[in-house]
Each structure stands twice: as C-alpha cells, then as structure tokens.
Amino acid sequence: MTDERLYPFDKIEKKWQRFWRDKGLFKVDTDNYKNKYYCLMMFPYPSAALHVGHGRNYIIGDVVARYKMMRSFNVLAPMGFDAFGLPAENAAIKGGMHPEASTLNNIKTMKRQLGQWGVEYDWNREVVSCLPDYYKWTQWIFVKLYENGLAYKKKAFVNWCPSCKTVLANEQVVNGGCERCDTEVTQKELEQWFFKITAYAERLLMDLGKLEHWPERVKTMQKNWIGRSEGVEIDFKIEGSAETLKCFTTRIDTIYGATFIALAPEHSLVEKLVSGMKGEKEALKSIIKMRNESKISRADANIEKEGVFTGRYVINPVNSEKIPIWAANYILMEYGAGAIMAVPAHDQRDFEFARIYKLPIKVVIDDPKNPLNAERMKEAYVQEGVMVNSDKFNGMKSELAVEKIADYFVEFKYGTRSVQYKLRDWLISRQRYWGAPIPIVYCQRCGTIAELEKNLPVLLPKDVGFRPTGESPLKFYKEFVNTECPRCKGPAARETDTMDTFVDSSWYFLRYITPHLKDKPFDTELVNKWLPVDQYIGGIEHAILHLLYSRFITKFLYDIKMIGFDEPFKNLFTQGMIIKDGAKMSKSKGNVVSPDELISKYGADTVRLYTLFIGPPEKDAEWSDRGVEGAYRFLGRVWRLAEKVTSHKPQVTSKVERKLTKEEESLRRKTHLTIKKVTEDIEGGFHFNTAISSIMELVNETNDLLAIDAELDPVRGNVLNDAASAVVILLSPFVPHIAEELWQILGKENSIFKLKWPTHDKSAVTADVITMVIQVNGKLRSRIEVPFGIEEDKLKEAVLSDTKIKEFVHGRAVRNFIVIPKKLVNIVI
RNA sequence: GGGCGGGUGGUGAAAUGGCAAACACGAUGGACUUAAAAUCCAUUGGCCGGAAGGCCUUGAGGGUUCAACUCCCUCCCUGCCCACCA
C-alpha cells in the first residue's frame, strides 16, 4: 500500500465530523418526545484505549441511530462511562496515578477515539458514574432499597490471601492462588451488604415472557440462572434433640433411598451437631478445611468428594430409619437449605460420596428394562423408573410418585411443598476504595441508619492510601469514618465498604433523559415518555448479570412508583466478539488491533465498513487486516463511480422519451431491488453484512452500464444517476463521511442525514419474464424462462417440452409435479 | 463440571425447507507501466473430460420429506459465560 489515497478520506472525515457537531445532528430536546427512538449502547468501562473489538458495538449503534434518523425518528443516542472499578485501583496500588485521574484521562482518550470513528452522540447528556453528581443517586437507590427492606447485611465468604492480607476478586485468584504472591487463597467470612434480588425471582422469570424482542439465547440463559425448581422441604427430626433439620429436594420420590444427610460445612448447625462427639476436634478441623476451599471448585460437580460424620442422626419420617448426618464439601450453603437428603443410588454426587465413605446404597427406583443391583452399579440411576423398596408406593411410576409422596408429606406435616431458585441475593459490598460509598452509618445508640437524602452524596475522599490491608482503604481515613448519626447527632461510624459497580450500571439509562437534575435521580414524567429503551445494544457477556440487575432495579423503581414501566429494554441486540488469532482481543494476549493506526491509514469509513461487513453482527468474527483493504478498495470504487456519473452528466436537459434498453431496465430494477433488500436487512435483524454485499452488487452493475460504450443521453443519465444516488444513500448509515461528501459531488444539497430513507418502486422490481428452476427427482436439470404469472397448465407444458427435461423424463411416468410459484418445479418420476 | 452458542471452499461468509458457495479476501494468468502501486479483464469447491457435460460436496452417522446447510435423533470437535473483571 502506498501513501497515495484512493480518495481524500483524511480531509473529508474531519470536515463532516465538525459539521455534525456544529449542526447538532445528534442533539435531542427531550421535551419533544413525539416519534421518539431511544437507541442505547452499553456504556464502557474506561480502560486504557479502545480496540476494534469495542468498536463493533459503537459502530452498530451509530448505524442504527443514523438509519432511524432517516426514518424520521427523533433519535436519542447518549453515551457515558462506567467509571468505577477494580483496574484503576489496582493500577494505583502498583504506584500509578490516582484512580480518578487515570479514569478521567482514559475517558478523554476514548471520547477522542469515538469521535474519530464518526460515532456521534448527544454528549451534553454524558454520565460518568464515578462523579458525585451521579453516584449521589446510586446511593439514593441504595437508601430506597434499604427503606423497603431490600438491602440487608449478612455474613458471607470472600476470597482471602493470608499473605497480602487482602480480599481478592475471582479474577485475581489464579489456580487457587493469589495472582500477586501465589499464596493459597482461603475463604474468610465478613459482614456484607446484599440486595434481595431473590424477592423478585419469580417476576424476573415470568416477565421474560414479555420480552418478545430479546434474543432467545439471552432469555434462556437468564431463565437457567434464576433456576426455578419445585420440590419439597422436609423437616427431619434430629435424634435426641428438639431441633429439626430442613432439607430441600426435587426428588421426593427417592425418599426411601436416603442413606445419609449432607450439610454444607458452613451450615449453622454443624458446630452444634459435632459438639461432644468422639473425635470432635478432628471433625472440626476438616470442616474448617472444607470451608476454606474456593467456591469455584466447590461448585464443580467433579470436585473430589470429602466429608466428615457429625456423630448424629435424623429420623426418616416415612420409615423411622436412622440416617447419619455428614458435613460434605460438595454441598453449598447458598443453594436450597444448605442441606440435602443424600440418595446415592439416584444422584451421582451422592453416589461418589457413598462409595468413598462406604455408606449404603439403596435402590428405590428401578430401571424397567434393566433391573439395578446396588453393589454392581457404576453410576447413579437418575432417570425415571418404577418405585421399589418404597413401602406402599411400590410399583408406582416415579414421575407419579413425586406428586403422591409430596401430598403425603404435606398431609402428615413432614414437610411442605416449596419452590427454590438458584438465583442468590446480590452481594454488593466491596472492600475497596474506587466505588460509590455505601450510605450507611453505625450509631452506638440508634444502630444501623441509612444516610439522609439531604446528606447525599457521601463523598469519596480523594487523599487515601492504597496499601492493601484486606479492608476498604476508607477504614483508615478518620475524617471519613467518624461522623454523626443522622438521627440523634451522636458519634457514629460510616460504613467503609463501597458498592459493586454493577449497581452503578443498573440504572444509568434513566439518568440520560435528565442528566443534570440536581434534586432527583431523574424526571419521572419525561423518563416515562422516553423509556423503555427502544434498542439496547451490547456484548453477549452481559447476558446475565448486568441485564438481570437492570431489570431488577427497574422493577423496584416501578414498585415504588418512580417509573411507570417494569422492563427497561424493549429490543435487545447482543453483538458477537471480534476474535484475533483465535482468541478474544485483549491487552494481556497482545492481539489487540488499534483503531487509530487503521483510521489514519484507511480512514474511519473503511474501518466501519469492514467491521460491519465481517459477518453477521450477532456472531463472533475473526479480524483480518486484509479484509480492511478490501473495504477500502470498495469505497475507492464508489468514489470513482460517483465522479464518473457526475462527469458524464449529459448537458441536454430537454426531455428525451424513449424505451429503456435491456441493460438500463436491468439496472433500474437492481436499484430498486437493492433499496428493498437493504431496508429489509436492517429492519429484519441488523443484517448489515448482507445489506452491504447487495450494495456492492449494485455498484458492480452500475459500473457495467458505465462501461458500455454509448453516447449518454438524459435517459441513460437518469438511470445511472438514480443508481449512484441510491448507492450513496443506502451506504450513508454505514459510512457517513464519504456519503455526505459524495452527496455533494452528485450535486445534491443539505446533509444526507436530513433526507428521508428511500422506498422502492414496486413496479420497478417486477420483471415480465422469470427464470424457473427445473428439478427431476430433486436434482437440478434445467431452467426455463416463462412469463411472469404463467398458469400452471401452461407452465407444465413448457417444462415438459424442454429438450433436456424430455431426455430425463423420456417415457417414464410423471408421478408428481410440484410447483413452487416463481421459483422452481420438481418432477418426480 | 454446569449453562449458552457455533461447525459450509485456501479465508471471512451467503442461502433458515426449494438453484449450495451470493458478496468479499486471497491466489493464478493477462492488460496498463521503465518498474511498482493503484486500476481493469479472466479463472478460482473437488474429481473425470478436449469440450458439451457428468459425478461428488455443508463436522460424522442415521431419520422425516417430492426436496435438508436448514427440521428430528445419536456422536465428535470448538468458542464464550459462570455471581468480587466489566
């Protein structure tokens, strides 16, 4: 590639970017909500610099915004930054800049990059989540949740590095060790704040049904994450005690096969149960060891099963058998009751555990085809079957027994029917500096008190030390901690944990409507006009957490009548990742492609076009620098095409009436077919790659007509001019700079984005003669030309008189003659 | 391990029950040029054939159908996410 440019992209791109900003093309007056269209892209975390993988999201959003503008919508396209987070704090610990300085710096870089891409926003509405005027309202939402009983404190485990004496994020745990010093990570119990998202589990699940325009795969992931299951909660009597032990099971049909009880090592009864038993000390030691295993490996079904007998028993209510109680590492406190009735014959994890500790395996559901033998089983039988060894339920089908035994338990008050969710409450406490402080005060007299609205925001002090201590750096900042109780004015201490950044991002889409409001998080009336968001665009990696949390907060704000809708995003589009050398683009893998270099070499339009042409936007795509050159050459061809069409413009303006030639007619049809195809591709699910390829076809065909050596008269000039204009308009959302410039070259006025998107002329797209494909026994054998709208008998006659078909049919009986109108004929012989 | 995707030419891909490989990249040959770049033209899934044409081909195997890349079943491979990265 030489320095010589195929077209002067460097000049025109800056020129038009300035033009759009000066004219306020993307500026929106929210009071004018008629015909509104809220086009939202997930706001980014301000990491060092953007790569072309990030770009895909913004380019897609920009295309949608520009397209909708041309469809006469009043488009709101705002942008902001999810600016709190771990990386900035880690950099500060390593001796870099203060998190605020580095974050604001990165934001500056990213805004410059977005501008270079020609991605435009209404920057007057920018929200930055680490600034007090924003996090004041994040804290306000916390207070509202607290007042409504949806924010509470409880003990929970964190990853802990005993050597660095610090809390580690999952990301900072590498193969069970600390990423800095490789010391084995342990689990430490801390008092932490939670949001009670589980109170919304049922609604979050049910309302997935309302989200017609969300990708199925995202809805499926959310559904599985919420993980609703119906079952029975059994109250087991503990032998020699007045206490009961609750176990949840979805397989009550296997109750007669329960041969032990397994408790999570964290279960509140564990210490009590082992106290006084023989070997109590050793038992406690192994329980503590199990508690220290990482949560990730504990949740792995392949974990090496480990456990310890507590020395105590429960009574099985159905047959009064004594069942030993064990503590086991594969039971998680977070799910169900933190205790299970273990049925080794019919649950694989229980089966493995029973084999290790030589616990009995009792078959209670038999395989009707292949009777089971407990001693010879190699794995648990988890399918349905016929009840055996189950007293009066013997012989019943297990799927029926699930219902019958549940009824029986309810009747005799052995337990209750119960619904469990995998979804757990949302742990929002972070023992870190760079986040929104949790607005809670601990008063010696009044207890735990939420900060008053008039005292918000609880400001994050700037001059703190970042040495890792395992506690929030705020804890050592006396001026922050020591405060007065908002109620009694007595001495009090502030909460020093900060909030998970997902809290910041669970409501930002509401702030964009009225970003500068001082006395409220948002204006309810206007928000109700502009939301739900018409189109949300972001990465598939947010399919669960961010989208679920945003739905939760939206439902909460709906319940407290702050907003009038209970789902935030009407249409969701999740784009795929850009892959380079077989891996996700990331700084650590060293495979990032910087947009700056590419833009200076080929221009932003080329980078945009390639990013859109690379493949279906919802799928992952492999980046290729070669492909970029292809996009660049195409834009060069379009540029020359517009120049040629303009220079060939016939001088004669008087009307010349004549019929179009075959080629002219064909280009006219192609022009309108392309308008139709591009519009359908965009509307029908963002098929930008095929939209662009159809424009390429139109360019090729226009060039073909230009290449025909003939004197240009106004008739041909018009056909060419219409084709070139269509090319430029249809390309404009994708490559806005070159489109604006060519629009001028073609002699048109005004910004192309003030134009109405074209519609195709129905009469121009119908041909009088169509080609039909002829198959014999499903194999392509011939094709014939027939008049449009031919009757079936005439078509049959024409087909059977085709010479090639005659050869194939040749005396054999036609058994079936299938006609797919306007497409194909299949003759079955 | 669990959950969710994906598998089509040398490459990115198109076709979502009806012509497999549109569009583009790369490659090869040619034109232009002192030369290169750019541009333009031709060829480009595989096999057989001088050609006309024929046969085969969408990860593997089976099924449904007049017709399957597309729907169903079994298997293989692969990517992403998994609650403190955002």
Side-chain angles (χ1 to χ4, degrees), chain A residues 1-6 42-47 82 84-87 90 158-159 167-173 192 197 215-218 220-221 223-225 227 295-297 299-303 334 349 422-432 500-502 504-505 539-546 548-549 576-577 579 582-584 610 613-616 618-624 626-631 633-634 636-637 640 687 689-690 692-697 700 703 707 771-781 783 815-818 820 823-829:
Chain A
M1 184 93 355
T2 58
D3 286 339
E4 201 153 322
R5 309 213 146 104
L6 297 181
M42 288 183 185
F43 68 164
Y45 175 77
S47 58
D82 190 9
F84 275 133
L86 188 65
N90 281 345
V158 292
N159 297 314
V167 177
L168 297 176
N170 282 342
E171 196 192 46
Q172 298 172 300
V173 181
Q192 308 199 67
I197 190 171
E216 273 317 308
R217 97 190 233 226
V218 173
T220 312
M221 282 194 246
K223 182 174 170 248
N224 291 333
W225 189 255
K295 281 169 280 185
I296 298 163
S297 68
D300 190 331
N302 261 4
I303 183 179
E334 288 82 6
R349 291 163 307 177
K422 272 202 197 115
L423 183 71
R424 306 206 295 264
D425 277 339
W426 175 11
L427 196 170
I428 60 128
S429 283
R430 299 290 182 270
Q431 296 71 41
R432 301 182 192 286
D500 177 8
T501 56
F502 275 121
D504 310 333
S505 59
I540 186 70
E541 68 274 20
H542 294 293
I544 296 169
L545 299 182
H546 163 63
L548 197 65
Y549 295 148
M577 276 181 316
I579 308 288
K584 180 179 171 173
Y610 175 64
F613 186 60
I614 191 168
E618 69 278 12
K619 289 196 184 149
D620 292 352
E622 171 85 28
W623 186 269
S624 131
R626 292 268 192 203
V628 180
E629 287 192 22
R633 286 204 291 264
F634 170 71
R637 269 200 304 281
R640 289 192 302 277
H687 303 301
N689 53 329
T690 49
I692 290 166
S693 70
S694 68
I695 301 171
M696 286 173 169
E697 288 179 35
N700 292 344
N703 267 327
T771 308
M772 298 272 300
V773 165
I774 319 295
Q775 297 180 330
V776 177
N777 286 345
K779 286 204 171 193
L780 172 71
R781 292 305 179 189
R783 55 190 85 209
R815 270 204 294 163
N816 211 344
F817 192 89
I818 294 151
I820 307 299
K823 269 187 187 157
L824 153 155
V825 168
N826 189 12
I827 305 167
V828 187
I829 53 172

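Lettering follows sequence order; numbering is per chain, from 1.
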Select base, sugar-phosphate, or nothing to describe what [X] touches, counting heavy atoms under 4.0 Å on all strands.
X	value
A:H546	nothing
A:K223	nothing
A:S429	base
A:M42	nothing
A:E216	nothing

Does the structure show a Watson-Crick or G-U wobble partner for [N], both distances under 3.5 Å? Name it, or say none.
N	result
B:C82	B:G1
B:G49	none
B:C40	B:G30
B:C75	B:G59
B:A67	none
B:A22	none
B:G17	none

I need a per-nucleotide contact map over nucleotides 62-68 of chain B, read 5' to 3'. Cutoff is protein heavy atoms under 4.0 Å; write B for the base, S for backbone only, - otherwise.
----BS-
Main-chain N/O of A:P44 paired with A:D82 side-chain donor or acceptor, under 3.5 Å
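No.
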Has the side chain of A:Y610 got a donor or acceptor atom that lies under 3.5 Å from a matching backbone atom of A:S624?
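Yes; at least one donor-acceptor contact below 3.5 Å.
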Write down the distance separating the [atom1] atoms in [N] and [M], rounded off to the nearest Å.
N	M	atom1	value
B:C25	B:U74	C1'	37 Å
B:A60	B:U78	C1'	15 Å
B:G45	B:A38	P	24 Å

Nucleotide N/O to protein N/O under 3.5 Å, stretch nucleotides 69-72 of chain B:
none

Please tell me which of A:F502 and A:N703 maps to the more 5' nucleotide of RNA chain B, matching each residue to the nucleotide holding its nearest heavy atom.
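Looking at RNA chain B, the more 5' nearest nucleotide goes with A:N703.
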[atom1] of [X] versus [atom2] of [N]: gap in Å, rounded?
X	N	atom1	atom2	value
A:E622	B:U78	CD	P	17 Å
A:R781	B:G18	CZ	C1'	16 Å
A:I544	B:C4	CD1	C1'	8 Å
A:D82	B:C84	CG	C1'	14 Å

N/O to N/O distances under 3.5 Å, protein versus nucleotides 22-25 of chain B:
from  : atom 1 : to     : atom 2 : distance (Å)
B:A22 : O2'    : A:E697 : OE2    : 3.1
B:A24 : OP1    : A:N700 : ND2    : 3.1
B:C25 : OP1    : A:R633 : NH2    : 3.4

Chi-based syn or anti call at B:G29, which uses purine or pyrimidine torsion atoms and a 90° bound:
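Because its glycosidic torsion lies more than 90° from 0, B:G29 adopts the anti conformation.
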Nearest-nucleotide pick for A:N224, side chain only, options being B:G18, B:G3, B:A83:
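Looking only at side-chain atoms, A:N224 lies closest to B:G3.
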